[in-house]
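Numbers for residues simply follow the sequence, beginning at 1.
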Amino acid sequence: MNFPPLARMIVNLVPPLLAGGLLYVVVLVWYGGSPLTIDVGYAPEQPVPFSHALHVGDMGMDCRYCHTAVDKAAAATVPTTEVCMNCHQRVRMKSELLEPVRASWATGMPVKWVKVHDLPDFVYFNHSAHVTRGVGCVSCHGRVDTMQRVAQVEKLSMGWCLDCHRAPEKHLRPTEFVTRLDWVAEEDQLVLGARLRQTNHINPPQDCSTCHR
């Protein structure tokens, strides 16, 4: 039977399209479960050895002083050189460790911070949607206030995210304490979380389009 040229072209395209689709799924599953995305313990060396233990733990700086958009936008934002120099124009002005910051201040080129919590490009995460509903920074980032060098402490995998969306009670706290990394509930966390979930009408979506847009 002779098929029209267009039909023959479509038939010829089916095998490579199926193979390409299968390859895409395999790569997606592999990458989603690889150490690149589930890298607990990843703690890269930074161009400036910024100690969260000193700044947040000892000095009591609020997360939002440096990560200015964490409660306003999807991205938490990396602190600008201007934020660093607000203090370091007066504090430890000649420290060798701060030379990259001073060079950035002089040239206008940003400090090349290395991202620690780096989600794949096919994943969408909105910081403000979580922070403004009472999910504390510690739930995803751990006790950063005790870290000399920030490390990834959670898997950040799809299953890990879904566990929270299915049972957010484990992580909800009053919004005024979202950046208090050492905060502990005075009552049973599940009881408190259930009450906050009901009061604030928190019902996290679980459909694919929530994170894959």
Are His55 and Phe50 close enough, and set up right, to give a ring-ring contact (aromatic ring centres under 6.0 Å, His included), and what steps lead you there?
CA-CA 8 Å; His55 291 79; Phe50 181 89; 4.1 Å; yes

Spacing of [X] atom [atom1] and [Y] atom [atom2] [to the nearest 0.5 Å]:
| X | Y | atom1 | atom2 | answer |
| --- | --- | --- | --- | --- |
| Asn200 | Arg195 | CG | CZ | 10.5 Å |
| Ser157 | Asp39 | OG | CG | 12.5 Å |
| Glu169 | Leu192 | CD | CG | 10.5 Å |
| Thr179 | His67 | OG1 | NE2 | 11.0 Å |
| Asp71 | His127 | CG | NE2 | 11.0 Å |
| His171 | Cys140 | NE2 | SG | 7.5 Å |

Evaluate the side-chain proximity of Val70 to Thr77: yes if any heavy-atom separation is below 4.5 Å, no if none is.
no

Quick check on [X]: does its [atom1] atom have over 12 non-hydrogen neighbours (other residues, nucleotides or ligands) under 6.0 Å away?
| X | atom1 | result |
| --- | --- | --- |
| Lys72 | NZ | yes |
| Glu45 | CD | no |
| Gln206 | CD | yes |

Verify whether one side chain among Gln46 and Trp113 offers a donor that lies under 3.5 Å from an acceptor in the other.
no

Side chains of Thr175 and Arg133: donor-acceptor distance under 3.5 Å anywhere?
no

Full working for side chain to side chain contact (heavy atoms under 4.5 Å, CB included) between Tyr42 and Val114:
CA-CA 11 Å; Tyr42 177 57; Val114 181; 3.8 Å; yes

Quick one: sort the Trp183 and Phe177 rings into parallel, tilted or perpendicular, breaks at 30° and 60°.
parallel

Using the rule given for side chain to side chain contact (heavy atoms under 4.5 Å, CB included), can you reason through Val144 versus Cys137, listing the C-alpha separation, both sets of side-chain angles and the distance that settles it, and then say yes or no?
CA-CA 9 Å; Val144 177; Cys137 305; over 6 Å; no

Begin with the C-alpha distance, continue with both residues' side-chain angles, and end with the deciding distance and a verdict on side chain to side chain contact (heavy atoms under 4.5 Å, CB included) for Ile202 and Leu172.
CA-CA 10 Å; Ile202 295 173; Leu172 295 177; 3.9 Å; yes

Step by step, work out the side chain to side chain contact (heavy atoms under 4.5 Å, CB included) result for Arg197 and Asn203.
CA-CA 7 Å; Arg197 180 177 185 178; Asn203 188 28; 3.3 Å; yes

